[in-house]
Asks: 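Mind having a look at this structure? Questions to follow.
Just so it is clear, the structure is predicted and the values come from calculations on it, not from any experiment. Chain naming here is simple, since letters A, B, ... match the order of the sequence lines and numbering starts at 1 in each.
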2 protein chains.
Amino acid sequence: MSRRKSGTATSHDVARVANVSQALVSRAFTGNGRIAPETRERILKAAEQVGWQPNALARSMVTGDAPLVAVITTRLNFDWRAQVLSRLLKAIQEWHLKPLLFYAESDAEVDRLLEEALSWRARGVIVTAGVVRENRAAAIIEKGQFLVALNRPANHEKGFSVATDNPLGGRMAAGLFLEEGRRRLLVLGGPQGSWAPSLRAEGFSEAAREAGLHAAIWNNDAMSTEAGRACAERLLALPGSEQPDAVFATNDAMALGFLDGLRGHRSIPDDIALIGFDNLPAADWPPYRLTTFEQPLEEMMRRLIAHVDVHGDGHLGGQTDDQQPQEESEPRARLIHCKPKLITRMTAGKTE
Amino acid sequence: MSRRKSGTATSHDVARVANVSQALVSRAFTGNGRIAPETRERILKAAEQVGWQPNALARSMVTGDAPLVAVITTRLNFDWRAQVLSRLLKAIQEWHLKPLLFYAESDAEVDRLLEEALSWRARGVIVTAGVVRENRAAAIIEKGQFLVALNRPANHEKGFSVATDNPLGGRMAAGLFLEEGRRRLLVLGGPQGSWAPSLRAEGFSEAAREAGLHAAIWNNDAMSTEAGRACAERLLALPGSEQPDAVFATNDAMALGFLDGLRGHRSIPDDIALIGFDNLPAADWPPYRLTTFEQPLEEMMRRLIAHVDVHGDGHLGGQTDDQQPQEESEPRARLIHCKPKLITRMTAGKTE
DNA sequence: CTGAAAGCGCTTACAG
DNA sequence: CTGAAAGCGCTTACAG
């Protein structure tokens, strides 16, 4: 007769109703250990009558293994972040774990959240926002949890990172522009110090440099459509001699805003070719028809899942101790790069 | 020396290092009970050295109160659903609970997920997808958990539902069209039997009927931009006498696709006025400038939070038993309707 | 096939 | 201020 959660029955209550020991109730639900089919039926019936089902917390405690995975995420703004989370939730659901979400309002919070996540003794943690400090990464790995970083470094040799090959995307964009004979290159970058956008910009710049060209970079704190529009205005104000003829936007939001800002002032792709990154749904809409890169979400998820499985946390809660270096299907690669896929539309590249 | 989770220390290990009883370790971390400041310091240091922090599962078990809230969600497709989840995660984080997510691939799964959710003995469950069966709703409430349904019925007198006032939105849209002298009305509806879209359509139809007009309805299974485009084609194929002069799309995705489909064939709003629903970011983009309704997300969250607080699950884990009918600030209203806000842009309404 | 008992890792009265 | 003990709700050897 505990005072809190008065409505909640326990396995003892069920045992009483079914006229069996409490242990049998447990067996009826776990399927472990012998139990007569008819007893089991009786117990199931009693449980339903009482409205009871095993307490997952208690189960996790006693088995020493909670079917949880911590997911660090942040604001789901207009962005491919929602797609990632959606796909991630689905995958986690499919392998019968429960995602415990940690929402970081800013990158600074991520470390604290990671610490909190640890206290739930989850199977592991998937980081889709912010930065993983090396200490923290080590603490997670030491506890036997897996650590997966999406589109960011894992900062630990036993951590795992799946990322789009951002530099390659940049190089491909530059390559396409060069092939078309474009010479005056501009990239719409992200904030200083950002990971993915900077790598995209660098890949682009490098390829340009190798062709003996220089790519200007305009950094943007927000990477929003507004930022893209602002860049368009800035471009329109440039003297004719400095006008770029090819622009690589390190994300689609900026590219779309940029297109809107240029509308009526420049002919695309004749005056200016444009390539974005992300392949947002809007990139395919008639007013935009943006040539852009699709991030290989499905492949990334496959790799992620493969890693987690190898780690020993297979579908049905395998053991957690895998000391021996058995990295079979995923041979020791801790940083997986997945190739972005160029989607050619109107704003750059030959349209078929 | 348990075999599993070998890396994980317990409070006993910390006690040993700090040379105190295990109970004191607990006190050092909970802050409950007397403890000498210097002992506390010593324990904290020992814990850090050992790399230990309280096991949240164990704590939840013994206190009989897990700081969890179950959230039922589904595919985060291009949609306001991501916004809702984002805002929800933030709110849950702010009141120091952890969201345990349940991802429903289809509405049919929702009931099963709800059952699973129950096993975690969470404070409550927030449903943002699918339908809550009455039985299940009752089971949840009986267990002392709160039940909040977002934009759908809670199906229980003690459940709580926050929704946009969808019929009102429909009425407002119709009102605006009528005021402009439009007479040939069409609504782009959702799937048969959908909740929110149907209510929007009904509100619209009713208002039209009251004005002695009939509104045609075209149902759409997908409510996507593609569906909107298809509707545009269908409209263009209509004989001139049946051409509508005002269209109410029950979501923005369809409205945007519809605009794209009409582009070059009809003049908006001269030939056809259009109103959407959701106020997606793209509704404000130059090629669209869609008049639409903003769903009052912030207000909905405020009401939701107020309900949960009243329910007794305040910020820092208050007691769960609140039998007395103390519905102070939220006087007994179980279904809260929040007014949608008309955002007037180019496609309908007088622009200032 | 079934039951009594130990134990998971904590928190919290209850004594000192 | 501190410690020994009981107990949270289960699962799982271990005996019968």
Asks: Please determine, for C/dA13, whether a Watson-Crick or G-U wobble partner exists with both distances under 3.5 Å, and give it or none.
Replies: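 C/dA13 is unpaired by these criteria.
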
Asks: In the structure shown, which nucleotide is the Watson-Crick or G-U wobble counterpart of C/dA4, with both distances under 3.5 Å?
Replies: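 Pairing partner, where one exists within any strand: none, as none qualifies.
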
Asks: Where the side chain of B/R121 is concerned, which of D/dC10, C/dT11, C/dC1 is the nearest nucleotide?
Replies: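 Nucleotide nearest to B/R121's side chain: D/dC10.
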
Asks: For B/R121 and A/L57, work out which heavy atoms get closest and say how close.
Replies: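 Answer, listing the atom of B/R121 first, then A/L57: CB-CD1, 4.4 Å.
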
Asks: Heavy atoms under 4.0 Å, any strand shown: does A/S26 hit a base, just sugar-phosphate, or nothing?
Replies: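 Base contact.
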
Asks: From CG of A/N32 over to P of C/dT2, roughly how many Å is that when rounded to an integer?
Replies: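 One finds 16 Å between P of C/dT2 and CG of A/N32, rounded.
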
Asks: If I take atom NE2 in residue A/H12 and atom P in nucleotide D/dG9, what distance separates them, rounded to the nearest angstrom?
Replies: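 Distance check: A/H12 NE2 to D/dG9 P gives 9 Å.
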
Asks: Give the minimum heavy-atom separation between B/A66 and B/W120, together with the two atoms involved.
Replies: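 Heavy atoms only, the tightest pair is CB-O, 4.2 Å.
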
Asks: By nearest atom, which of the nucleotides D/dT12, D/dC8, D/dA4 is closest to the B/A23 side chain?
Replies: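 From the listed options, D/dA4 comes nearest.
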
Asks: Regarding B/S11 and B/Q22, is there a side-chain donor-to-acceptor distance under 3.5 Å anywhere?
Replies: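 Yes, a side-chain donor-acceptor pair sits under 3.5 Å.
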
Asks: D/dT11, OP1 or OP2 - any side-chain N/O from A/R59 closer than 4.0 Å?
Replies: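 Checking A/R59 against D/dT11: at least one side-chain N or O falls below 4.0 Å of OP1 or OP2.
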
Asks: To the nearest angstrom, how far is B/Q22 atom CD from C/dT11 atom P?
Replies: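 Rounding to the nearest Å, CD of B/Q22 and P of C/dT11 are 8 Å apart.
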
Asks: Find the distance B/D65:CG to C/dC10:P and express it as a whole number of Å.
Replies: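 Answer to the nearest Å: 18 Å.
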
Asks: Considering just the side-chain nitrogens and oxygens of A/T39, establish if one lies under 4.0 Å of OP1 or OP2 belonging to C/dT2.
Replies: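 Yes, within the criterion.
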
Asks: Given D/dC1, D/dC10, C/dC10, identify the nucleotide with an atom nearest to the side chain of A/A58.
Replies: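 That would be D/dC10.
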
Asks: CG of A/L24 versus P of D/dC10: gap in Å, rounded?
Replies: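 Taking CG of A/L24 and P of D/dC10, I get 15 Å after rounding.
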
Asks: Which pair of heavy atoms, one from B/L76 and one from A/A82, lies closest together, and at what distance?
Replies: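 In terms of heavy atoms, the two residues are closest at CD2-O, 3.7 Å.
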
Asks: May I ask you to say what B/S60 touches in the nucleic acid, namely base, sugar-phosphate or nothing, with a heavy-atom cut-off under 4.0 Å?
Replies: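 B/S60: no heavy atom of the nucleic acid under 4.0 Å.
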
Asks: Any sub-3.5 Å donor-acceptor pair from B/S161's side-chain atoms to B/L335's backbone N or O?
Replies: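 Judged by distance alone, no pair lies under 3.5 Å.
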
Asks: Which one, C/dG3, C/dC10, C/dT2, comes nearest to the side chain of A/S21?
Replies: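 Nearest nucleotide to the side chain: C/dG3.
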
Asks: Taking the minimum atom-to-atom distance to the side chain of A/A36, which one of D/dC1, C/dT11, C/dC1 wins?
Replies: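 So the side chain of A/A36 is nearest to C/dC1.
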
Asks: Please state how far atom CH2 in B/W52 lies from atom C1' in C/dC8, giving the value in whole angstrom units.
Replies: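 Distance, rounded to whole Å: 14 Å.
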
Asks: What nucleotide among C/dT12, C/dC1, C/dG9 has an atom nearest to a side-chain atom of B/T63?
Replies: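 Nearest nucleotide to the side chain: C/dT12.
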
Asks: Out of D/dT2, C/dG3, C/dC8, which has the shortest distance to the side chain of A/R27?
Replies: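 It is C/dG3.
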
Asks: Measure CG/B/N55 against P/C/dT11 and give the value in whole Å, please.
Replies: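 Distance, rounded to whole Å: 9 Å.
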
Asks: Let me know the distance between CZ of B/R34 and P of C/dG16, rounded to the nearest Å.
Replies: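 In whole Å, C/dG16 P and B/R34 CZ are 20 Å from each other.
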
Asks: Around B/R75, counting heavy atoms of other residues, nucleotides and ligands shown, do more than 12 lie under 6.0 Å from its CZ?
Replies: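 12 or below, so no.
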
